[in-house]
Amino acid sequence: MRSAPAQRKRKQLSAADLPWKRVKTGFVSGAEDEVAGGLLDFEEVDDVQVITELDESGNKHFRFLVAEAEPEKETATPTAKPSSIKKRTKDTKAEQIRHEDDTASTSAQPDDAEPASGTADADQLLREFDFAHLPGYVPQSLHPALAHAMLELGFSKPTPIQRATFDIMLGADAVLKDIMGIAQTGSGKTLAYGLPILDQIFRQNARWPSKEQPRKLTALILLPTRELAMQVKTHLATVITNASSAGIDTKGKGKGPYPFANIVAVVGGISVLKQRRQLAVDRGIDIIVATPGRLWEMIDDDDDLARKIAALDYLVLDEADRMVQAGHFVELDKILDLTRRGNSSSISHDSSAPDVDIADQDKPDDQAFAEQSVRPNGNPRMRTMIFSATLSKDLQVNLSIPHLRNLRAIRKAGGSQGAIDDLLLKIDFRDPDPALINLSSMQGTVDTLQECFVDCMMTEKDLYLYYFLIRYPGRTIVFLSAIDGIRRLQPIFKALRMQVVPLHSGMQQKARLRSLEQFKANKHAILLATDVAARGLDVPLVDHVVHYQIPRSADVYIHRSGRTARAGREGVSLQLCSPDEKVAQRALLRSINKEKALVELPIEHSILETLRDRVDLARKIDSAQHKANKETHDQDWLRKAAKEMEIDIDSEESASDEPSDRGHRGSRIRKARGQAQQLQAELDRLIQQPLRIRGVSAKYLTSGSHAFVDDLLASKNHAAVLGLSASTAVGDVKARSRKEKPPREEAHHA
Ligand SMILES: Nc1ncnc2c1ncn2[C@@H]1O[C@H](COP(=O)(O)OP(=O)(O)OP(=O)(O)O)[C@@H](O)[C@H]1O
């Protein structure tokens with residue numbers, strides 16, 4: 001039991017004035033030490049009474065009471081909670097916490113952390129958690145430590161997909177249900193499946209994991225890309241950290257006495273050895289978040305891991321449709337095989353199991369599959385959850401068991417199905433009637449997204465992209481269909497002094513994570529990305545998404561556009577459309593019922609020529625640099641080849657590359673570099689000249705017809721373009737939309 005601290009006189013201080021002490025974090029699970037880059041620090045403070053008060057409008061206010069030196073005999077206020085509070089020194093807002101990267105790890109505690117004692121007090125406090133703070137949750141349905149975490153993160157209401165999932169999966173009445181959830185991008189699907197899993201882990205484990213009481217692998221969450229897997233791991237880790245630090249800290253080590261969960265990401269790009277170590281920790285792992293390729297690599301020569309996967313309680317396929325497309329199917333298939341039930345003899349008749357007839361719905365077929373399986377002996381009580389923003393119609397329709405039977409019959413008869421059908425057949429739903437939660441709109445994208453386009457020639461896309469980025473500064477993702485496009489655009493926009501960072505599958509994992517960090521850290525950053533970033537990436541406050549090419553399918557368009565306008569915020573999606581893409585664009589818009597919904601982005605044409613000069617110069621710089629790089633590369637190649645062949649290229653005998661040639665090459669390199677530098681200086685001069693719209697003179701601010709002086713005085717002027725007001729892309733597209741499509745009444749009156 002935790003001994004009650006002697007009562008001492010306390011004084012009230014603001015949160016900022018508390019005696020915070022820096023905490024050294026030790027990472028043990030996941031790949032956080034590879035990706036943290038020292039971006040986060042923790043501070044903690046001891047022996048502070050936190051008094052929570054509600055004002056008349058129901059808002060919470062906190063008072064912090066710190067002990068003074070002299071002990072006193074006064075009794076404590078009954079509502080006060082002595083606690084250890086953690087804060088982040090560089091990211092204080094809950095908003096930022098919820099979007100934080102892997103540095104917010106489950107394992108911010110030392111590996112050898114002892115379970116804290118004093119759980120009686122702690123349980124008492126948690127039992128008293130007031131669910132009035134969490135409207136939308138069924139009281140007591142969520143483990144109180146998780147309820148506390150939701151409050152800490154500012155997620156006081158579940159989103160619609162969360163509420164629908166929780167209704168089925170959380171609480172005393174929860175039944176064994178398999179779920180397929182479809183909801184718009186940014187609608188909180190991660191916690192929709194994540195909280196029920198954490199709830200079970202927290203309830204089944206009263207203490208911190210230890211060697212003596214290692215954890216059972218409860219859940220496997222599969223995702224199509226490394227970034228997504230890391231992001232989901234981080235998201236859940238943030239919840240775990242907040243939950244397990246709820247309440248009392250008895251030893252000042254920053255750990256609470258509440259249950260804890262170990263979560264590990266298993267993804268490519270991180271050393272296999274290291275991941276093996278992480279998975280082999282004595283205290284066990286509760287959740288694995290993985291991409292199928294790497295996970296299978298690990299399972300393939302680790303029977304123990306294979307057995308754990310077979311015994312899972314939860315299997316989650318996030319972005320399942322994408323996983324099938326992304327060529328992960330072979331590995332996914334093998335992993336799913338492990339989770340399938342064997343024949344009926346392996347099904348346990350656990351009397352505590354929910355009363356659902358899970359066995360033998362399709363016994364003959366199951367047995368047929370069992371014969372093909374690697375080691376089919378899956379947990380008969382496993383629940384499967386499939387989530388996406390865009391599940392194909394086929395997948396939705398075919399989920400019911402009769403349809404699955406039908407599919408199997410077709411398959412037996414030698415009929416061929418698509419990859420999604422194959423995936424469905426491979427999933428051994430324990431539930432005869434999986435729940436379908438479909439909250440997707442007919443149009444796929446969210447209401448807070450403003451969609452627009454620019455019609456331009458293929459060769460003008462750089463110019464219009466530059467225009468958009470100058471006109472509407474903000475965090476922007478530009479999607480390109482191929483890596484080559486990114487490699488071409490990046491140096492051009494760098495020369496234009498824009499803050500561009502690349503993200504594509506041709507990059508090393510560390511470089512990918514670094515790019516994401518840079519993008520997150522800078523509110524004017526521009527991410528040039530392929531579709532590796534299209535799905536699920538939850539970067540806070542992305543203002544705009546630009547489709548440099550028209551996406552090839554509605555799914556791609558919806559997922560790419562869904563990187564902005566997340567969690568109820570507004571955002572803009574812009575399509576750059578060349579004449580030969582018009583047909584594809586029409587087909588795309590037809591498929592999402594938006595043929596007439598997109599408006600043209602308003603353009604201030606009078607600055608285009610100046611911008612064109614800049615873009616042309618940037619292209620010239622790029623080609624001069626390219627030339628210099630090529631010559632350097634040729635020279636290096638020659639040296640390397642000569643070295644390998646043990647030829648001295650500087651000796652007289654080496655006639656293959658005459659000294660005069662070498663001299664010429666050197667001077668060509670110097671010339672090209674000099675030219676690039678000269679052009680860059682010229683471009684820098686151009687960039688420094690203010691942009692002005694037609695009719696505005698820099699000398700005579702009051703000239704012209706624009707009332708921009710008023711704007712200037714009211715600080716409403718655009719920061720880089722004289723004569724333009726600092727409107728947002730969202731505002732301008734909305735205004736254009738209102739103009740083009742007046743509401744019915746107004747149109748009628750007109
Ligand atoms: N109950 C909630 N209240 C407020 N914000 C929430 C809530 N639940 C989750 N969020 C936040 O909403 C954002 C989007 O969540 P998430 O990434 O889970 O969306 P998603 O539906 O999986 O999106 P996508 O389909 O694009 O992958 C995250 O930043 C998350 O922290």
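Quick note: numbers below take in every heavy atom, side chains included, and nothing from hydrogens, waters or symmetry partners. Start at 1 and go down the list; that is how both ligands and their atoms are numbered.
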Interfacing atoms of ligand 1 (cut-off 4.0 Å, heavy-atom, [X]):
| X | result |
| --- | --- |
| Ser187 | 19 (O), 20 (P), 21 (O) |
| His235 | 30 (C), 31 (O) |
| Thr159 | 1 (N), 2 (C), 7 (C) |
| Lys157 | 1 (N), 2 (C), 3 (N) |
| Arg566 | 14 (C), 16 (P), 17 (O), 19 (O), 20 (P), 23 (O), 24 (P), 26 (O) |
| Gln184 | 21 (O) |
| Glu319 | 27 (O) |
| Thr190 | 16 (P), 17 (O), 18 (O), 22 (O) |

Non-hydrogen atom of His559 closer than 4.0 Å to ligand 1: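 The answer is no, since His559 has no heavy atom less than 4.0 Å from ligand 1.
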Contact check, Ala183 vs ligand 1, heavy-atom distance below 4.0 Å: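 No heavy atom of Ala183 comes that close to ligand 1.
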Thr190-Gln231 side chain donor-acceptor pair, cut-off 3.5 Å: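 No, Gln231 and Thr190 have no side-chain donor paired with an acceptor closer than 3.5 Å.
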Donor on one side chain, acceptor on other, Tyr193 and Asp318, under 3.5 Å: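 Present: a donor and an acceptor within the cut-off.
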Regarding ligand 1, does [X] bring an N or O atom to under 3.5 Å of one of the ligand's N or O atoms?
| X | value |
| --- | --- |
| Gly186 | yes |
| Gln162 | yes |
| Pro158 | no |

Test item: Arg569 and Thr448 side chains (from C-beta on) under 4.5 Å apart, heavy atoms: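 No - every pair of side-chain heavy atoms lies 4.5 Å or more apart.
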Contacts of type side chain to side chain contact (heavy atoms under 4.5 Å, CB included), residue Ala525, not counting sequence neighbours: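 Here the qualifying residues are Phe519, Asn522.
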Asp199 with Arg203: basic N within carboxylate O range, under 4.0 Å: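 Salt bridge present between Asp199 and Arg203.
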Given Gln585, Arg552, Lys594, Glu451, the one that forms side-chain hydrogen bond (donor to acceptor under 3.5 Å, both in side chains) with Tyr557: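 Among the candidates, only Glu451 passes.
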Single hit among His547, Arg563, Arg560 for side-chain hydrogen bond (donor to acceptor under 3.5 Å, both in side chains) with Ser573: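 Single side-chain hydrogen bond (donor to acceptor under 3.5 Å, both in side chains) partner of Ser573 among His547, Arg563, Arg560: His547.
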Where at least one partner belongs to residues 131-145, residue pairs that pass salt bridge (charged side-chain N to carboxylate O under 4.0 Å, His left out), sequence neighbours excluded: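 Of all non-adjacent pairs touching residues 131-145, none passes salt bridge (charged side-chain N to carboxylate O under 4.0 Å, His left out).
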Spacing of OG belonging to Ser561 relative to CD1 belonging to Ile592, to within rounding of 0.5 Å: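 Ser561 atom OG to Ile592 atom CD1 measures 7.5 Å (nearest 0.5 Å).
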